[in-house]
Amino acid sequence: MIRQFQLVETVKSYDPAADEDALNRAYVFSMKAHGSQERASGDPYFSHPLEVANILTKMKLDGASIITALLHDTVEDTEATLDQIEHLFGKEIARLVDGVTKLSRIELQSDHSKHAENFRKLVLAMSEDIRVLLVKLADRLHNMQTLRFIKSDERRRRIARETMDIYVPLAERLGMHRMKDELEDLAFAELHADARASIRARLDFLRDKGARVVPRILTELDLKLADGGLSGAVVSGREKSPYSIWRKMQRKNVAFEQLSDVMAFRILVGDIADCYHALGIIHSAYHVVPGRFKDFISTPKPNNYRSLHTGVIGPEQQRIEMQIRTRDMHEIAELGVAAHWTYKQQ
Ligand code: MN
């Protein structure tokens, strides 16, 4: 559990203007309000709002978001009132806490039959201030990280289903891919534990078998880019997520063994001209897989995602997916709207 001074110091480190006094008071207020309440894990309840705040500091969110995270369950679950919060922390914080409380209430009322699309629209409409939704997503993420402590199978599955149907698409809509990927994987683990385990085992096997393949591809990509006159590009490789592999198996109705592209590579460069330069180098060095090229730089996705996508037959004769983007585009792709609330020095 992160300590009070650590939390405050972390926020101050990226946002020196944050209200240190209010952060300290929110910490103490929430801890006292939750008192001896416990989580399903047996931990003090206060560990939950504290961890939600901690998740948001990793996204470098502003002081008001962190204070809201600390207070987010006090009105719903303790004796504390909204008036009290407004009196102690001001109108802005009260409005944010009220927003999160209202979202939690419609969540409680929602039932299985509710159409996910309508529910998502309602959640979006109720989050006039996007920070409300960011706190709610971090709240859901921590609840999913601790889902295993809930004893009732039915309740765990309901929460995981709701995460998959409501919060994963919301995170996607907001362009928050890091959040989306983590929520999706946690929900997948609950809903299809066996499928996930066997895909992971297969990925482990492939990783061992082809241990030197990825470094070889990385080295060759580095060389090709440098030969082509592009300096400063950073190439990285990663496995696709078990869930995305599973979806593809379902969609194409194929077994894992038949999937040829489980690796994805990413090239980060300085500016847009470099993106097309890198693309030109890759396309002239390797056979292009038809139909895989997409230009989300000239036509960004509605959630502001920008990147070039292409698929080629790589150095080891297997299909590899490639994303090419600038470092700025990459930050937006990972954090989405949260990137706009990130405190930026200068
Ligand atoms: Mn909560």
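Start at 1 and go down the list; that is how both ligands and their atoms are numbered. Quick note: residue numbers are just sequence positions, from 1. Values below: all heavy atoms of this structure, side chains included; hydrogens, waters and symmetry mates excluded. None of these values were measured; they are calculated from a predicted model.
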| remark: Sequence neighbours excluded, the answer for ring-ring contact (aromatic ring centres under 6.0 Å, His included) partners of Phe293 is His283
| message | At less than 2.8 Å, how many protein N/O/S atoms surround the Mn ion (ligand 1)? Leave waters out. | response | 4
| task | Compute both the distance and the angle, then confirm whether Lys301 meets the cation-pi test with Tyr305: under 6.0 Å from the six-membered ring centre, within 45 degrees of the axis. | result | yes
| Below 4.0 angstrom, N of the basic side chain to O of the carboxylate: do Asp62 and Arg131 qualify? | yes
| note | Applied to residues 38-87, the ring-ring contact (aromatic ring centres under 6.0 Å, His included) test, sequence neighbours excluded, yields Tyr27-Phe46, His34-Tyr45, Tyr45-His48, His48-His72, His48-His142
| task | Just jot down the side chain to side chain donor-acceptor pair (under 3.5 Å) partners of Arg39, sequence neighbours excluded, or say none. | result | Asn143, Thr146
| message | Between Lys136 and Asp139, does any NZ, NE, NH1 or NH2 come within less than 4.0 Å of an OD or OE carboxylate oxygen? | response | yes
